[in-house]
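As structure tokens, the structure follows; a few thoughts come after it.
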Amino acid sequence: MTSGHGGRASPDGRPHMHRFRRILTSVVAVATVAVSAGAARPAPAPTESATPSVAAAPDITVAELTPHLARFQRIADENGGNRAAGTAGYDRSADYVAQTLRDAGFRVERQPCTSCRHGDDNVVADWPGGDAGDTVMLGAHLDGVRAGPGADDNASGSAVLLAIALRLAQEDPGFARHVRFAWWAEEELGMHGSQHYVDTVGVSDLAGYVNLDMVGGVNAGYFVDDLLSGWAEPFAASLEQAGFPAEEMTDCCTDDRPFRQAGVPTTSLSTGYGELKTTAQAAKWGGTAGEPFDPCYHTACDAFPGNVDTAAVDRMADAAAAGLWSAASHTGNPYSPGEVCGGGYTVQESVPVTTSGGVVLGDVHLLWNGGLGRNCAVTLKSTDLGTPTRVSVVLETESGQTRTDDGRFGYYAGPVTVAAAGTCVAVTARVTDSVGRVGTGRIPMGHCG
């Protein structure tokens, strides 16, 4: 895992990469009050029309996971003690993953990362079936650091991903959405492999992306990024049900970053890395307070079996499988109006956005936050999801103040907000689909704060 702490170097001498994403998120939230349009990417959620899974999510067993962990360790042992980018250890890891998936019936691509420092391959695997324009993608980085075998970082995530993929092939549950897995090159050198994929293949077909990085810490915590979002909810719910309630990720970044920056809904699962477990976390999850989640982070002792807690890997594998089975079993707009506008909003009114011929292209929603004393409006598409088409939303007050978001969007326009205590508001929406049909919707002046 590539991460950071105020510029402090990692144990292998490589500078950490830290974007202070939580701080930036707070800044964006403050700016939205004043500017309103073009706010930060909202968290997605399944819609009420989502259909239930055709089969229960599988219980991924330790017996399914340990052979992959052992194989990655053996590859490191046979190739200079590591599986780092640009080494034979990485190449043999990619060979193992690719051949295992081909044998199981996946369509596998070895994507040369021509922009990577060492030109390593990403391994990308698609399972046949589902809506290819509405794809759930899961990924984990395959490389480690040169200091050691990289058992927790990140053979653990790679093994979980492989075990879930093989179970999917075995059960073939007939998902509504298409499913794709990826093992990334050169995460430890700066998310190069995943960034190359986003830059060259693109993300227009993705409903969302899920990342697994360091999911087997021997002093494990349980972290889910964007914890309160609808996209993350089924992953977090599985951990809650297992008695290990998740906490929000406290640092950034790994291979979810290129996807998030490209506008894709993301979450990431981890048991933590070099940070110290607090007393409260030890009371909640077990383990030792005051010690790192992974005491061998980026060092030679990150080896299997000594530095991997198979019980923790098992829990994270079950959570990842539960989230995948939930996300892939339905199609539809992955956003809800409340999550687009943020916490604390309630929906006041929603109307369809329709063409003159009565074809519904989406919905427009007006929301109210009494604590902040402001309205929020958003247009959600129900057609061409993920494909950029013209979408707009205009929020106006009776005094003539307006807030507008107008452009080419894959899912929605907005949110736009206005301080509306003591005034009445109206909302107008417009959606153009990929064949040129234009729909409009309006919530008339009313809903006075």
Side-chain angles (χ1 to χ4, degrees), residues 50-75 92-110 122-132 134-142 154-184 205-213 215-216 234-235 237-239 241-242 267 269 304 308 310-331:
T51 56
S53 174
V54 296
D59 175 12
I60 306 298
T61 66
V62 172
E64 292 172 273
L65 295 161
T66 51
H68 305 308
L69 291 163
R71 183 62 175 268
F72 288 129
Q73 178 65 46
R74 186 162 70 251
I75 290 171
R92 299 295 80 74
S93 297
D95 292 343
Y96 170 61
V97 170
Q99 190 58 55
T100 301
L101 294 165
R102 288 193 185 102
D103 291 344
F106 281 85
R107 183 175 69 252
V108 180
E109 178 188 2
R110 295 282 292 265
N122 293 323
V123 179
V124 181
D126 287 81
W127 182 248
D131 183 353
D134 192 20
T135 297
V136 177
M137 189 173 193
L138 291 81
H141 74 87
L142 189 55
N154 184 37
S156 63
S158 294
V160 166
L161 209 60
L162 192 52
I164 291 173
L166 295 178
R167 181 64 80 89
L168 172 60
Q170 176 184 336
E171 298 191 0
D172 193 13
F175 289 140
R177 283 174 164 155
H178 186 68
V179 177
R180 180 175 302 138
F181 298 90
W183 287 258
W184 303 119
D205 61 336
L206 297 186
Y209 174 80
V210 181
N211 201 73
L212 301 168
D213 194 354
V215 291
F235 304 93
S238 176
L239 290 169
Q241 186 175 12
T267 191
L269 279 62
F304 179 76
V308 175
T310 54
V313 174
D314 185 34
R315 291 183 195 109
M316 295 303 262
D318 289 341
L324 170 60
W325 257 246
S326 173
S329 294
H330 62 82
T331 60

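Excluded from the calculations below are hydrogen atoms, water molecules and symmetry mates; all remaining heavy atoms, backbone and side chain alike, are included.
- Judged by distance alone, with hydrogens and angles left aside, the side-chain atoms of W183 form a donor-acceptor pair with the main-chain N or O of S158 at under 3.5 Å.
- Of all non-hydrogen atoms in A104 and W127, the two that sit nearest each other are O-CZ3, 3.6 Å.
- What you find for V108 and A125 is that their closest heavy atoms are CG2-CB, 4.2 Å.
- Residues forming a side chain to side chain contact (heavy atoms under 4.5 Å, CB included) with R107 (at least two apart in sequence, or on another chain): D126, H178.
- Note: L212 CG to M316 CE = 7.5 Å, rounded to the nearest 0.5 Å.
- R110 has its side chain within reach of D95: a pair of non-hydrogen atoms, C-beta onward, lies under 4.5 Å apart.
- A salt bridge is absent between R177 and D205; no separation between the charged side-chain nitrogens and carboxylate oxygens falls under 4.0 Å.
- Salt bridge D318/R315: absent, no basic N to carboxylate O contact under 4.0 Å.
- A distance of 9.0 Å separates CG in L161 from CG in N211, rounded to the nearest 0.5 Å.
- Remark: the backbone N or O of A207 is not paired with any side-chain donor or acceptor of T135 at under 3.5 angstrom.
- Taking 4.5 Å as the limit, every side-chain heavy atom of V160 sits out of range of all side-chain heavy atoms of I60.
- Between L69 and Q73, every side-chain heavy-atom pair lies at or beyond the 4.5 Å cut-off.
- Annotation: the span from E109 atom CD to R180 atom CZ amounts to 9.5 Å, rounded to 0.5 Å.
- Relative ring orientation between F106 and F181 is described as perpendicular, the plane-to-plane angle rising above 60° on a 0-90° scale split at 30° and 60°.
- Contact annotation: the side chain of S326 never approaches that of F235 to less than 4.5 Å [non-hydrogen atoms, C-beta and beyond].
- Residues L65 and A159 share a closest heavy-atom pair of CD2-O, 4.0 Å.
- Rounding to the nearest 0.5 angstrom, the gap separating the CE atom in M137 from the CG atom in L324 is 12.5 Å.
- Taking CZ from F175 and CG from D134, the interatomic distance works out to 13.0 Å, rounded to the nearest 0.5 Å.
- In this structure, CG in L239 is found 6.5 Å from CG in L269, a value given to the nearest 0.5 Å.
- Using a 4.5 Å cut-off on side-chain heavy atoms (C-beta onward), H68 and L166 make contact.
- In plain terms, the two heavy atoms of A165 and L101 that are nearest each other are CB-CD2, 3.8 Å.
- For the pair A322 and S238, the tightest heavy-atom approach, listed with the atom from each and the gap, is CB-CB, 3.9 Å.
- Residue A328 comes nearest to V179 through the heavy atom pair CB-CG2, 3.9 Å, listed as atom of the first residue, atom of the second, then distance.
- Note: Y96 and F72 have perpendicular aromatic rings, judged against thresholds of 30 and 60 degrees for the angle between ring planes.
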